Each structure stands twice: as structure tokens, then as C-alpha cells.
Amino acid sequence: MPKQIRFTKMQGAGNDFVVLDETSHRHGLTAEQYRFIADRHFGIGADQILTVRAAPSPEVDFEYLIHNADGGEVEQCGNGARCFARFVHDKGLTRKDTIRVQTMKGVITPQLMPDGRVTVDMGRPRFEPDEIPFNAENLHALKGPTDARRWQVPVDYPAGSHGSVLLTVVSMGNPHAVQLVDDVGNAPVNELGRLIEIHERFPERVNAGFMQIVSRDEIKLRVFERGVGETLACGTGACAAVVAGIHLGLLDLRVDVHTLGGRLTIAWSGDPRDSVFMTGPATTVFEGQIEIPDKL
Ligand SMILES: N[C@H](CCC[C@H](N)C(=O)O)C(=O)O
């Protein structure tokens, strides 16, 4: 039986989402049906689908699930967290401005700010290979000025050539591999990003970030997202890039991140025990209803 589903289309710095309200009724969607919704020709079109559910425990206000455009469920989404907060507030599902929400990999806390932007406590970053996950066996790690490590990862290019990339691997709940580039405009985001995303050293695949340092408090960033491809912005990618830059001694503790879709601001103390804070926009674009076929 096809499902008639109401949805809200949103975007945060150009990273776009379909938001589904399952606080009172669950749609029971399959990975194929999430893929259909995200499809920019046969469905609505989105980088991710965000599903809002009632709190699973008294410690939080809501739960929210994240599915990439390829239909796979993932642990974390930074731009999505801001849009989630805007959605539950504007729909009257909460009167709180600071909202605790359970995601697959922990609790995050978005806060609606008076200027219309949203600040999210994204939790602490993790660097150990098994926390990414990343198979670092027999790899050479270059030590940075702190205990920062960059890993020289061999890559085989489609044209048959071989090379290696110097990656800082960081988990924000979801996996990120960040590399420094001189000019994001010329970075091989699609060719190399695709190779890194599915690299055998990342058993859960990975988001591939390309960071250009503009100054100690400003970077440009492009991200080839796991399960999507290049997006106009990646919130957890911005967190991972700034954390990598601070960890390597290249950035100050509050950084403006210029993405293709807009500006995000990331702050971190530099202490791995401390949370990363991300601030950015969250915009509702339109509301709608769609019929989801049951056979796809
Ligand atoms: N593609 C990511 C999930 C969405 C992250 C991104 N949209 C963000 O704003 O953090 C992953 O597979 O881990």
C-alpha cells in the first residue's frame, strides 16, 4: 500500500533535508524508500532525511534519526541538528530554546539563538583509530606539534597511478578524514573524495574533507560526504576540519568556516575532553506531501 507522507523541506548552509515528523506515528520506511525521497528526479531531493521522534528517555526531549541520500542510517549530522531544532520549535513540538536530542551516537544540544542562528553542542571529538573507525595497521603516522597524528594513506587512482594522501582522522560521532589543500577551488574533491569515501582503511566508509587555511581563524572547506557525494556544506565536517586544524596547531579556538553554501562558526577549547560548538543557519524552504510507492 503506498504511503502518503507529509514532509518539511529545510536547509542549513545549503545542505538540504527532508524532515519527517514521527512523534505520533511511524511511517516504517525502508532504505529504498528513503532513497526514493532523497532522489532529485523521482522524489523530493535531499542530502539527508531527518526523522523526528518522541523522547526515548526522560534525559532528552526528542530522538532524531539521520539517513543519507543512499538510504543508509548514520550517526550524526551537524547542519541537520540545527534544522531539527528549528523544526520542532516552529511546529510547536517544544517551547524550549535549548533542546536535548538523542542521536544514534549520543546526545547533542542545539540552542536557538536570538539572531536566528542555531548553536549546537556537538559533543567531543575522538581521534583514536578504533573510534573512527580507521584501520591504521602498518601505516606511518606523522606526529603534529601536539599529540596530533596525520596518517599517510596509500590511494590507487582510477587511471592506474598510485599515490598517498595525508589524512587527519576525526570522529564527531560520524567518521571524517581531513586533508589540507592550497586552494579548495582546485581540489580534486570528486575524484579523490570518492576514493577516500570507500577506502578499505575505513570499514564504515568516511566523509572526506578538503580544508584550505585562510588565516588562524578562517578556513574554506569542501566535503565529499559519505553516502551522498559533495554537498554545499557539512556541519560535522566543519567541526572535524577545525578540530584537526587546532589539533595540528594551525588554527585558533574559534574559526569561521566558509563552505559553498554559507558560513559556519566552530569553537573548540583544544581539549579532547571538551565539546565542539557549531553555529550556523537553519531555514525552512517549503512544506509538502508525497506518495511513497511500496514497491521500488
Ligand atoms: N554524510 C554524513 C552524515 C551527514 C553529515 C552532514 N550533512 C552534516 O551536516 O554533518 C555521514 O555519512 O556521516
Side-chain angles (χ1 to χ4, degrees), residues 9-19 31 34-35 37-38 45-51 64-87 101 103-106 108-110 117-123 125-126 131-134 169-178 189-190 193-194 196-199 202-211 221-244 257-266 268 275-283:
K9 186 78 188 334
M10 301 186 78
Q11 60 87 10
N15 190 192
D16 68 330
F17 309 102
V18 166
V19 186
Y34 283 117
R35 254 202 313 275
I37 290 170
D47 293 328
Q48 280 88 26
I49 296 105
L50 313 179
T51 302
Y64 104 107
L65 282 64
I66 304 140
H67 289 83
N68 279 326
D70 69 359
E73 186 175 357
V74 291
E75 311 89 342
Q76 200 61 276
C77 181
N79 292 319
R82 301 196 313 273
C83 289
F84 153 81
R86 167 81 56 234
F87 177 83
V101 57
T103 63
M104 186 199 278
K105 270 282 184 72
I108 56 172
T109 310
R117 298 210 298 170
V118 184
T119 293
V120 189
D121 172 341
M122 292 298 294
R126 279 138 284 178
E131 294 179 303
I132 304 302
F134 169 61
V169 292
V170 185
S171 172
M172 288 306 302
N174 60 342
H176 290 271
V178 184
V189 174
N190 283 292
R194 194 175 303 281
I196 296 170
E197 179 206 5
I198 58 173
H199 197 285
F202 295 96
E204 303 293 330
R205 297 182 292 162
V206 71
N207 299 283
F210 297 77
M211 166 168 61
L221 179 70
R222 291 174 67 185
V223 180
F224 188 95
E225 283 200 34
R226 176 180 63 170
V228 187
E230 182 174 8
T231 57
L232 295 183
C234 178
T236 51
C239 295
V242 170
V243 162
V257 180
H258 298 286
T259 74
L260 297 178
R263 176 175 63 92
L264 302 176
T265 302
I266 309 297
W268 182 52
S275 284
V276 183
F277 289 85
M278 167 194 60
T279 299
T283 304

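All residue numbers in this chain count up from 1 along the given sequence. From a predicted model like this one, the values you see are computed outputs, not experimental measurements. Ligands are counted one by one from 1 in listed order, and the atoms in each one are counted from 1 as well.
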With a heavy-atom distance limit of 4.0 Å, tell me whether [X] approaches ligand 1 through its side chain, its backbone, both, or neither.
| X | value |
| --- | --- |
| Arg205 | neither |
| Thr231 | neither |
| Asn79 | both |
| Asn174 | side chain |

Tell me whether ligand 1 is touched by [X] - counting only heavy atoms on the residue side and a distance under 4.0 Å.
| X | result |
| --- | --- |
| His176 | no |
| Asp47 | no |
| Gly227 | no |

Looking only at protein heavy atoms, which one is nearest to [atom], and what is the separation?
| atom | answer |
| --- | --- |
| atom 10 (O) of ligand 1 | Thr236 OG1, 2.6 Å |
| atom 7 (N) of ligand 1 | Asn15 OD1, 2.8 Å |
| atom 5 (C) of ligand 1 | Glu225 OE1, 3.4 Å |

When you measure from the side chain of [X] to the backbone N and O of [Y], does any donor-acceptor pair fall under 3.5 Å?
| X | Y | answer |
| --- | --- | --- |
| Glu197 | Ala208 | no |
| Arg222 | Val189 | no |
| Arg35 | Asp70 | yes |

Could you check Asn174 against Thr236 for side chain to side chain donor-acceptor pair (under 3.5 Å), going step by step and ending with a plain yes or no? CA-CA 8 Å; Asn174 60 342; Thr236 51; 3.0 Å; yes

Any idea which heavy atoms bring Ala282 and Val118 closest together, and the distance? CB-CG2, 4.1 Å

Looking at every heavy atom in both Leu50 and Tyr64, which two are closest together, and how far apart are they? CD2-CE1, 3.7 Å

Ion pair present between Arg226 and Glu75, side-chain N to carboxylate O less than 4.0 angstrom? yes

Go through the steps to decide whether Phe84 and Val120 satisfy the test side-chain contact (heavy atoms from CB on, under 4.5 Å), and finish with yes or no. CA-CA 11 Å; Phe84 153 81; Val120 189; over 6 Å; no

Thr119 and Arg117: side chain donor to acceptor below 3.5 Å: no

Polar atom proximity, [X] to ligand 1 (N or O, under 3.5 Å):
| X | result |
| --- | --- |
| Gly235 | yes |
| Gly78 | yes |
| Glu75 | no |

Per-atom contacts of ligand 1 with [X], taking only distances under 4.0 Å to non-hydrogen atoms:
| X | result |
| --- | --- |
| Gln48 | 1 (N), 3 (C), 4 (C), 7 (N) |
| Asn68 | 1 (N), 2 (C), 3 (C), 11 (C), 12 (O) |
| Gln76 | 3 (C), 4 (C), 5 (C) |

Could you give me the CA-CA distance, side-chain angles and deciding distance for Val169 and Phe202, then say whether side-chain contact (heavy atoms from CB on, under 4.5 Å) is met? CA-CA 10 Å; Val169 292; Phe202 295 96; 3.7 Å; yes

Tell me which one of Val223, Leu264, Asn207, Ile66 gets a heavy atom nearest to atom 13 (O) of ligand 1. Asn207

Are Gln48 and Val228 packed together at the side-chain level, in the sense that at least one heavy-atom pair is separated by less than 4.5 angstrom? yes

